[in-house]
Amino acid sequence: MTKAYDYDLFVIGAGSGGVRAARVSAAHGARVAIAEEYRMGGTCVIRGCVPKKLLVYGAHFAEDLQDARRFGWRVKSCRFDWPTLRDNVLAEVERLEGIYTDILDRNEVEIFQQRAVITGPNEITLADGSKLTAATILVATGARPAVPDVPGAEHGVTSNEMFHLDAVPKRAVIAGGGYIANEFAGILHEFACEVTIVNRGDRILRHYDEQIRDRLLQISLTKGINFKFNAPFEKIVKRKDGSLRIHLAGSSPIDADLLLWAVGRSPNTEGLGLEKVGVKLGKNRAILVDDDNQSSVPSIYAIGDVTDRVQLTPVAIREGQAFADTMYGNKPTRVDYTNIPSAVFSHPPIASVGLSEGQARDKLGTYKTYVSDFRPMKNVLAGRNERSLYKLIVDEETEKVVGIHMIGPDAPEILQVAAIAVKAGLTKSQFDETVALHPTMSEELVLMR
Ligand code: NDP
């Protein structure tokens, strides 16, 4: 490692990927600095996965309190207090932010709490004007919510603002049919908000198995969430009373108190000086990198959402770890992008790993599907007519289970473990040889015939 530079490694962005790369590189002996213009922890910790999951927990009490009556609990009328949940969640986020800072401090990573711009292949200029040099620069600036170019779009909010609302809106329109749309639709609906999802296409959660997403649609409609498909936005008008009139092409306008844009996330590559130093950007202005996270400029690397490969926190963390181990740990490592499990924390949640039935149809010679469509025991007693669906996709030639797709209570908790079996290439008969754990929902995974 060279002393010709101020640092061996300068990381821009202290999100999940950047923090992992910085602390592991420092633990391997590199002299590391990190710059963050907002808050330590990045999207996942500050305004993404973590606070969202806490809101999902908070929202689910609406159903649990209702169901409790069927289990003999005399629940007097309950009132939900949004400011209590919001402030408790924000306090937890602050605690986690402190932990992230501690981790970096303990590993002797120098922290600059300001914006950093690349001004040369080995030079960084901070917002206060100071110039620093590093043998390697790692860009881990993540992504931000996309807002479409529609007149009045500024009257809407993004997921960033959802954690700070003054009150739960009475009526909300959510644009998009992906992760954020379905997760916030579930949350707001449980808090008694009238929700309408407006999607440009004719399906939600395009990348998930068709049967599973149809089940979510069916359950969401039964709960009372509204959907409008094939409905592009024309304009948004803010009215005198503060409400919004949302005009859609080909259908009548919708009035709402809140409009949430959930139409994807764009890599944060603006104003970083990337193009000036020759870093090549691809589709959606993401940084193009090779299998070792190296950009077109040899001293500049990138990981996480800014590369728009797989926009998931655990993937960014793996990329950060692989980068650090390869560069400073004498352990060349590449991330394996196959069979990455994922989940949608909708009500009920979806979880999935491997090939969907549609992908199996396209990729495999012959395949077989096994489906269990059941009402969880707890829902039966609660009088809740909400069915779960588990699905296995099996490659007929190898007999390996190549996909598992689930919707139902705790599906993500169950799938994380089942994903090990798919990753390990276990066969359907190995699933069948495993004795069921009764009575559970997950036993369905070993009982499908
Ligand atoms: P998604 O990519 O999940 O979904 C975007 C949705 O918006 C799709 O329905 C898409 O339609 C639609 N859309 C895209 N562009 C436009 C446009 N210009 N006008 C109208 N509609 C549009 O994005 P999200 O914003 O929900 O989430 C961003 C990313 O964050 C996710 O992809 C995921 O990687 C990550 N995330 C992960 C979570 C998790 O792991 N649980 C939770 C939240 C976010 P179409 O299908 O037609 O393209």
Side-chain angles (χ1 to χ4, degrees), residues 15-17 42-57 142-153 156-163 173-187 196-208 210 212-213 216-217 220 227-236 246-250 259-268 283-284 286 304-317 319 337 340-353 358 406-407 411-413 415-416 419:
S16 303
T43 299
C44 179
V45 175
I46 305 296
R47 45 194 181 185
C49 339
V50 172
K52 179 273 312 286
K53 185 73 187 279
L54 292 170
L55 293 189
V56 170
Y57 281 131
R144 63 183 184 287
V147 175
D149 192 12
V150 172
V157 299
T158 69
S159 52
N160 289 348
E161 290 77 51
M162 290 303 288
F163 305 102
V173 164
I174 306 183
Y179 284 88
I180 296 178
N182 285 284
E183 292 181 345
F184 271 108
I187 292 167
T196 305
I197 288 187
V198 176
N199 200 13
R200 67 172 173 187
D202 60 358
R203 65 193 68 174
I204 57 168
L205 295 164
R206 189 149 49 96
H207 303 294
Y208 280 85
E210 194 176 339
I212 300 289
R213 54 180 145 88
L216 177 65
L217 179 61
S220 300
F227 287 83
K228 263 192 189 295
F229 290 109
N230 301 310
F233 285 75
E234 263 180 353
K235 64 175 176 183
I236 294 96
I246 295 157
H247 295 264
L248 306 167
L259 165 64
L260 167 62
W261 294 116
V263 293
R265 294 176 60 84
S266 314
N268 279 326
K283 198 171 79 38
N284 204 15
D305 286 2
V306 76
T307 63
D308 203 11
R309 287 172 285 184
V310 181
Q311 286 189 340
L312 293 175
T313 299
V315 175
I317 292 173
E319 288 168 354
Y337 292 94
I340 295 172
S342 66
V344 186
F345 293 95
S346 42
H347 274 77
I350 285 176
S352 166
V353 66
M406 309 167 69
I407 178 167
E413 301 290 345
L415 186 102
Q416 175 69 84

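Here, residue 1 is the first one in the sequence, and each next residue gets the next number. Every number for a ligand or one of its atoms is a count from 1 in the order of the listing. Values in this document were obtained by computation on a predicted structure and should not be read as measured data.
In terms of heavy-atom proximity, Pro267 sits nearest to Asn284 at CD-O, 3.2 Å.
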Legend entry - Worked check of side chain to side chain contact (heavy atoms under 4.5 Å, CB included) between Thr43 and Arg265: CA-CA 11 Å; Thr43 299; Arg265 294 176 60 84; 3.2 Å; yes
Legend entry - Pair Trp261-Val157, side chain to side chain contact (heavy atoms under 4.5 Å, CB included): steps then yes or no: CA-CA 6 Å; Trp261 294 116; Val157 299; over 6 Å; no
Inset, instruction - Take Tyr208 and Ser342 through the test side chain to side chain donor-acceptor pair (under 3.5 Å) and record every step on the way to the result. - result: CA-CA 10 Å; Tyr208 280 85; Ser342 66; 2.7 Å; yes
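Across the listed options Cys49, Gly178, Gly48, Gly178 owns the non-hydrogen atom lying nearest to atom 1 (P) of ligand 1. Here atom 43 (C) of ligand 1 lies nearest to Ile180 when heavy atoms of Ile180, Val56, Asp149, Val310 are compared. Between the choices Gly177, Ala231, Ala146, the shortest heavy-atom distance to atom 6 (C) of ligand 1 belongs to Gly177. For atom 2 (O) of ligand 1, the nearest non-hydrogen atom from the set Ser346, Ser266, Gly264 belongs to Gly264.
Atom 38 (C) of ligand 1 has its closest protein heavy atom at Tyr179 CD2, 3.3 Å. Remark: minimum distance from atom 20 (C) of ligand 1 to any protein heavy atom is reached at Val263 CG1, 3.7 Å.
Here is the list of ligand 1 atoms found below 4.0 Å of a heavy atom in Asn199: 9 (O), 11 (O). Every atom of ligand 1 with a heavy atom of Arg265 under 4.0 Å away is listed here by number and element: 28 (C), 29 (C), 30 (O).
In this structure, Ser266 has no side-chain hydrogen bond (donor to acceptor under 3.5 Å, both in side chains) partners at least two apart in sequence or on a different chain.
Below 3.5 Å of separation, one finds an N or O of Ala343 facing an N or O of ligand 1. Residue Gly176 has no nitrogen or oxygen atom sitting less than 3.5 Å from a nitrogen or oxygen atom of ligand 1, judged on distance alone.
No side-chain donor from either of Asn230 and Asp202 sits under 3.5 Å from a side-chain acceptor of the other.
Not a single heavy atom of Arg203 sits under 4.0 Å from any atom of ligand 1.
The one candidate from Val56, Leu55, Leu54, Val50 that meets the side-chain contact (heavy atoms from CB on, under 4.5 Å) condition with Lys52 is Val56.
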